[in-house]
Undergrad: 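Please find one structure pasted underneath; my questions will follow.
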2 protein chains.
Amino acid sequence: MDLFEQGMENEWLRQLGERGSRLTGPRRAIVRILVRSRRALEPLELFDAVRVEAPGVGLVTVYRTLDALEALGLVQRIHESGGCRRYLRAPHGHQHVLLCTRCGQAELFDGDDLEPLFAQVAARWGYQIEEHWLQLFGLCPNCRKMKA
Amino acid sequence: MDLFEQGMENEWLRQLGERGSRLTGPRRAIVRILVRSRRALEPLELFDAVRVEAPGVGLVTVYRTLDALEALGLVQRIHESGGCRRYLRAPHGHQHVLLCTRCGQAELFDGDDLEPLFAQVAARWGYQIEEHWLQLFGLCPNCRKMKA
DNA sequence: ATTGATAATGAAAATCGTTTTCAATAATAC
DNA sequence: GTATTATTGAAAACGATTTTCATTATCAAT
Ligand SMILES: [Mn+2]
Ligand SMILES: [Mn+2]
Ligand SMILES: [Zn+2]
Ligand SMILES: [Zn+2]
């Protein structure tokens, strides 16, 4: 068992509990899968994965739990040209997503410094910049090999 | 009449024609609205705007024309936290979108230099970076005043 | 201008992902 | 343990988009 993921799982459950949510079987299973996935998952994919270890859980509960986790900022919706329905664990602090366009694997990176750009854009257009989205797409090490 | 927009309108129609599309009334009206809009528009908003000057046009035709324009790279889908169904004219060359979160007005900016970041991320994660999305959100000059 | 081939159209129906409703169940505080 | 009430799954409802299909309109060839 991975200690990092185990810790994250407990933390998510703690935050759910703190918010007044009850720690039910379906929720535990959903959180477990999400925390461990290296890919962003669609509700239906998540549903399938959950049913393996917790048969009987309904798709509705997957949707409801995703909403709750998103409201807590634990999970984020990932936007792609092919659609915007997959969910991934949210970053800690200032990070952005790097996605493999072939297998869907996701990583979180940091270190972007866009302040100078914001200043430039704000000056040019008179906007007050409040938020930015940055996402990188490419091939993960595995898929680079496959392709070669 | 704005010469720039007039030119863009003609160019879009030319590209549609070149692709083998017929230049119909509904398409002309849809292109006309899209080229002139300073905001990204949802299919239904676009539909309403089109109906003013071309009653009888169907919503299906709006969807179909948006698809065609997107396939030609003339129009792009805009992604927002509240949903991803609005369309905006696509940038010429390397530009990104700046959106007013209050009124929806959109601008296209350039001048971002992310190559160093790509190199850094590629080195750290072993990915081959192939594409990037960047989007800025804020308040346009008008909405800044309103708020004050 | 007339014609003919066929792309495009609008209305209606179908489809897809998601949300709502509701009665039954289960988690927590006492 | 019991009472309270959040959560559940099934079914129905929903909204946006797509498909189907018979009709119409564009455009290239006369
Ligand atoms: Mn950033
Ligand atoms: Mn860029
Ligand atoms: Zn990959
Ligand atoms: Zn504004």
Side-chain angles (χ1 to χ4, degrees), chain A residues 10 12-34 40-72 75-87, chain B residues 10 12-34 40-72 75-87:
Chain A
N10 291 336
W12 286 24
L13 293 173
R14 195 190 62 71
Q15 287 200 39
L16 278 170
E18 190 161 278
R19 194 195 69 144
S21 294
R22 292 173 179 179
L23 271 25
T24 67
R27 275 187 189 152
R28 287 173 191 278
I30 292 167
V31 164
R32 173 173 243 289
I33 302 286
L34 276 174
L41 300 174
E42 303 195 354
L44 205 61
E45 287 182 292
L46 178 53
F47 175 59
D48 287 337
V50 165
R51 270 197 298 188
V52 172
E53 47 182 79
V57 170
L59 178 55
V60 218
T61 298
V62 170
Y63 278 106
R64 288 192 277 228
T65 305
L66 281 173
D67 285 350
L69 293 172
E70 192 178 28
L72 284 170
V75 132
Q76 64 183 319
R77 182 193 287 267
I78 298 298
H79 301 259
E80 296 168 86
S81 55
C84 307
R85 48 180 67 92
R86 298 164 65 203
Y87 286 85
Chain B
N10 290 336
W12 287 24
L13 293 174
R14 196 191 61 72
Q15 287 200 38
L16 278 170
E18 191 161 280
R19 193 194 71 144
S21 294
R22 292 175 180 178
L23 271 24
T24 68
R27 287 222 257 248
R28 287 172 192 278
I30 292 167
V31 164
R32 172 172 244 289
I33 301 287
L34 276 174
L41 300 173
E42 302 196 355
L44 205 61
E45 287 181 292
L46 178 52
F47 176 58
D48 287 338
V50 165
R51 270 197 297 188
V52 172
E53 48 182 83
V57 170
L59 177 55
V60 220
T61 297
V62 170
Y63 279 105
R64 290 193 275 228
T65 304
L66 281 173
D67 285 350
L69 293 173
E70 191 178 27
L72 284 172
V75 133
Q76 63 183 320
R77 183 193 286 268
I78 298 298
H79 301 261
E80 297 168 84
S81 56
C84 306
R85 48 179 66 93
R86 298 163 66 202
Y87 287 84

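Here is how names work: the chains are called A, B, and so on, in the same order as the sequence lines, proteins then strands, and each is numbered from 1.
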Undergrad: Evaluate the side-chain proximity of B/Trp12 to B/Leu34: yes if any heavy-atom separation is below 4.5 Å, no if none is.
TA: yes

Undergrad: What is the distance from CZ of B/Arg64 to P of D/dA16, rounded to the nearest Å?
TA: 19 Å

Undergrad: Does the side-chain contact (heavy atoms from CB on, under 4.5 Å) test come out yes or no for A/Val52 and A/Asp48, once each step is laid out?
TA: CA-CA 7 Å; A/Val52 172; A/Asp48 287 337; over 6 Å; no

Undergrad: Between B/Leu16 (CG) and D/dT26 (P), how many Å, whole number?
TA: 15 Å

Undergrad: What is the distance from CZ of B/Phe47 to P of D/dT17, rounded to the nearest Å?
TA: 13 Å

Undergrad: To the nearest 0.5 Å, what is the distance between CD1 (B/Ile33) and CD (B/Glu45)?
TA: 11.5 Å

Undergrad: Looking only at atom types and distance, does a side-chain atom of B/Arg27 sit under 3.5 Å from a main-chain N or O of B/Thr65, one as donor and one as acceptor?
TA: no

Undergrad: Just to confirm, is there a sub-4.0 Å distance from OP1 or OP2 of D/dT8 to any side-chain nitrogen or oxygen of A/Arg27?
TA: yes

Undergrad: When the distance from CZ of A/Arg51 to C1' of D/dT8 is rounded to whole Å, what number comes out?
TA: 16 Å

Undergrad: If I take atom CZ from residue B/Arg77 and atom CZ from residue B/Arg86, how far apart are they, to the nearest 0.5 angstrom?
TA: 12.5 Å

Undergrad: Quick one: which of D/dA25, D/dA16, D/dT8 gets closest to the side chain of B/Tyr63?
TA: D/dA16

Undergrad: Distance check needed: D/dC27 P versus B/Glu18 CD, whole Å only.
TA: 15 Å

Undergrad: Would you classify B/Gly56 as touching base, sugar-phosphate or nothing, given that sugar-phosphate means primed atoms plus P, OP1 and OP2, and contacts are heavy atoms under 4.0 Å?
TA: sugar-phosphate

Undergrad: Could you check how far CZ of A/Arg85 sits from P of D/dA16, rounded to whole Å?
TA: 15 Å

Undergrad: B/Glu45 has an atom CD; how far is it from atom P of D/dG15, in whole Å?
TA: 17 Å

Undergrad: Axis-to-axis angle across the helix from C/dA1-D/dT30 to C/dC30-D/dG1, five pairs an end, to 10 degrees?
TA: 40°

Undergrad: Does either side chain, that of B/Arg19 or that of B/Ser21, offer a donor lying less than 3.5 Å from an acceptor on the other one?
TA: yes

Undergrad: So if I apply the side chain to side chain contact (heavy atoms under 4.5 Å, CB included) rule between A/Val31 and each of A/Leu23, A/Val50, A/Leu16, which one comes out positive?
TA: A/Leu16

Undergrad: When you list every nucleotide of DNA chain C with an atom under 4.0 Å from a heavy atom of chain A, which one comes first 5' to 3', and which comes last?
TA: C/dG17 to C/dT28

Undergrad: Just one of B/Leu66, B/Ile78, B/Leu46 clears the side chain to side chain contact (heavy atoms under 4.5 Å, CB included) bar with B/Leu41, so which one?
TA: B/Leu46

Undergrad: How would you label the contact of A/Leu23 with the nucleic acid (heavy atoms, under 4.0 Å): base, sugar-phosphate, or nothing?
TA: sugar-phosphate

Undergrad: Where each residue is assigned the nucleotide of DNA chain C containing its nearest heavy atom, which of B/Ser21 and A/Arg22 is assigned the position nearer the 5′ end?
TA: B/Ser21

Undergrad: Which atom pair, heavy atoms only, marks the closest approach of B/Gly58 to B/Phe47?
TA: C-CE1, 3.6 Å

Undergrad: Pick the closest DNA chain D nucleotide for B/Leu44 and for A/Val62 by heavy atoms, then say which residue is nearer the 5' end.
TA: A/Val62

Undergrad: Starting at CD of B/Glu70 and ending at C1' of D/dT18, how long is that distance when rounded to a whole Å?
TA: 15 Å

